[in-house]
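Just follow the structure's listing: the first ligand is 1, and inside any ligand the first atom is 1.
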Amino acid sequence: MSGSLTAQAREKKEIRVAQGTQRSLPAEQASLSFADNDYLGLSRHPRVTEAAVRAIRDAGTGARAARHLAGSCREHAGLEKALAGWKGTEAALVFSSGYQTPLGVIPCLVGPKDTVLLERNAHACLFDGARLSGARLRLFLRNSRESLEEALVSNRKLNPQGKVLLVAESLHSMDGDFAELEFLAELKERFGAWLLLDEAHANGVVGPEGAGWAAERGCAHRIDIHMGTLGKSLGSSGGFVAASAEIIDHFLNEARTFLYGTAPAPAAMAAATEALAVLGSAEGNRLRENLQRNILLYASLHPASRQGPIQPWILKSNDVTVRARNHLRSLGLEVAAIRPPTVPEGTARLRISLSARHSPAEVRRLVEELARFPAE
Ligand SMILES: Cc1ncc(COP(=O)(O)O)c(C=O)c1O
């Protein structure tokens with residue numbers, strides 16, 4: 001019968017239901033959100049929303065075509081210039097989403113004769129980009145120098161001629177820990193590899209003008225390809241890479257997720273450009289200070305907390321995690337219930353995102369309610 005699923009697909013659903021990993025979209029979410037990635041509250045900042053409205057009036061609601069055809073607007077070029085300046089690179093290129101960015105760029109850098117070295121718990125888009133490239137995929141333990149060095153040494157023996165692309169997340173999306181960049185940079189230099197750093201969650205949050213973790217650690221110049229999204233701290237949507245002019249020109253000509261899709265909406269570009277301007281202003285400093293205040297407050301109230309805005313609360317059981325999320329939702333607090341396969345089996349968790357827009361009273365209230373939930 002047309003439109004019906006295969007037995008295999010149906011079986012997958014049965015397994016998901018049995019394991020407590022079946023997903024559905026909530027009809028409504030609680031009004032106080034600790035579940036999104038708007039770490040500075042810029043998605044509703046008046047300057048940012050005004051910039052988007054202006055761009056809609058000037059350029060229309062959609063880009064109407066791919067960039068290299070009729071879709072390139074001054075909003076794209078303006079944002080790319082601002083992103084390159086922010087990251088201290090020669091050039092930048094925007095994509096329709098952060099997810100599509102590594103799917104486009106990783107296959108431009110490596111192929112079947114090469115190797116991608118990836119953190120074992122890396123984001124799905126980094127895995128998918130690596131797989132799409134056809135390169136051999138080797139995993140290493142995040143923040144383990146020993147594990148990475150071992151992988152590099154054994155890879156050099158197995159594949160001495162191939163290029164190596166090292167890929168890491170600067171602030172981990174689910175564990176909330178920062179990467180130890182110094183040894184990543186040192187080893188990539190020693191082994192002649194490239195380093196692609198996904199700063200999806202660190203951009204806006206740390207570094208001078210919120211330019212990210214590499215900028216914070218003073219090693220931005222050692223990163224070959226800076227990757228980020230416009231959909232988190234920048235309050236908009238889209239993804240980007242920043243790198244040398246030569247590398248960006250290569251992506252512009254070869255990255256399939258850039259070439260073969262309608263360009264991102266000009267309004268999203270204008271919003272992100274204005275968000276960058278806010279980040280670089282005194283207000284940007286104030287927003288980062290507010291976020292930091294909330295992170296420190298959370299840490300003072302909750303043991304085993306992280307240094308950044310992403311605070312995992314590991315409950316292990318899928319069912320308990322969903323119950324905790326539903327319980328908090330019934331109290332008007334939204335947190336994310338994260339289950340496998342997004343995180344490893346047995347590590348289901350609530351993912352709490354702190355933002356500059358939260359008041360100290362709101363953070364306190366969340367922690368009090370978390371403490372009251374009986375984690376069987
Ligand atoms: C580490 C990381 N990289 C990339 C992405 C994808 O970005 P986007 O949401 O813009 O598609 C995400 C989104 O969750 C992420 O967490």
Side-chain angles (χ1 to χ4, degrees), residues 23 33-40 42-43 48 76 79-80 83 87 92-107 116 118-132 139 142-143 165-179 181 184 195-206 212-214 223 225-242 251 255 257-258 261-265 267-269 271-272 275-276 306 308-312 335-339 341-344 349 351-355:
R23 292 167 163 141
S33 174
F34 288 90
D36 60 66
N37 304 302
D38 192 5
Y39 301 119
L40 300 171
L42 290 183
S43 76
V48 175
H76 298 103
L79 174 59
E80 286 167 347
L83 286 167
K87 287 287 172 182
L93 192 66
V94 293
F95 288 73
S96 292
S97 73
Y99 178 80
Q100 288 183 43
T101 306
L103 267 63
V105 305
I106 295 179
V116 176
L118 190 54
E119 292 172 323
R120 198 178 285 175
N121 55 350
H123 191 267
C125 67
L126 303 174
F127 270 95
D128 293 349
R131 288 202 189 101
L132 209 51
L139 305 182
R142 178 171 168 84
N143 281 343
L165 173 66
L166 180 54
V167 179
E169 272 175 58
S170 66
L171 170 56
H172 194 271
S173 65
M174 295 296 149
D175 291 343
D177 60 324
F178 285 98
L181 289 185
L184 288 176
L195 175 56
L196 183 154
L197 187 66
D198 180 355
E199 296 242 44
H201 294 273
N203 280 335
V205 166
V206 288
W213 184 232
I223 312 298
I225 298 109
H226 303 260
M227 184 193 131
T229 165
L230 311 174
K232 304 192 192 298
S233 282
L234 295 182
S236 179
S237 72
F240 73 91
V241 280
F251 293 158
T257 56
F258 175 81
T262 299
M269 306 296 96
L276 283 178
R306 297 293 194 180
I310 300 167
Q311 303 287 342
V335 299
I338 310 290
R339 290 162 285 165
T342 308
V343 290
R349 66 199 64 186
R351 178 184 183 276
I352 293 145
S353 302
L354 299 171
S355 170

[X] neighbourhood, listing ligand 1 atoms whose heavy-atom distance to it stays under 4.0 Å:
X: G238; value: 10 (O)
X: S173; value: 16 (O)
X: G98; value: 6 (C), 7 (O), 8 (P), 10 (O), 11 (O)
X: C125; value: 3 (N), 4 (C)

Please list the nearest protein heavy atom to [atom] with its residue and the distance rounded to 0.1 Å.
atom: atom 10 (O) of ligand 1; value: T229 OG1, 2.6 Å
atom: atom 16 (O) of ligand 1; value: H201 NE2, 2.6 Å
atom: atom 13 (C) of ligand 1; value: K232 NZ, 2.8 Å
atom: atom 11 (O) of ligand 1; value: Y99 N, 2.8 Å
atom: atom 3 (N) of ligand 1; value: D198 OD2, 2.6 Å

_For ligand 1, which is the ligand I care about here, please tell me if E169 has any N or O atom under 3.5 Å from one of the ligand's N or O atoms._
no

Atom pairs and distances, side-chain donor-acceptor, residues 230-240, under 3.5 Å, sequence neighbours left out:
{"from": "S233", "atom 1": "OG", "to": "N203", "atom 2": "O", "distance (Å)": "3.1"}
{"from": "S236", "atom 1": "OG", "to": "A268", "atom 2": "O", "distance (Å)": "2.6"}

*For residues S355 and L40, report the shortest heavy-atom separation together with the two atoms involved.*
OG-N, 4.0 Å

*Considering M227, Q100, H123, which one's heavy-atom position lies nearest to atom 5 (C) of ligand 1?*
H123

*Does a salt bridge link D175 with R142, judged by any charged N lying under 4.0 Å from a carboxylate O?*
no

*Under a heavy-atom criterion of less than 4.0 Å, does A200 contact ligand 1?*
yes

Are [X] and [Y] close enough that some pair of their side-chain heavy atoms sits under 4.5 Å apart?
X: I310; Y: Y39; answer: yes
X: V94; Y: H76; answer: yes
X: V205; Y: W213; answer: no

_Under a 3.5 Å cutoff, is there a donor and acceptor pairing between the side chains of R23 and T342?_
yes

*asked:* Using the side-chain hydrogen bond (donor to acceptor under 3.5 Å, both in side chains) criterion, which residues pair with R306? Sequence neighbours excluded.
replied: none

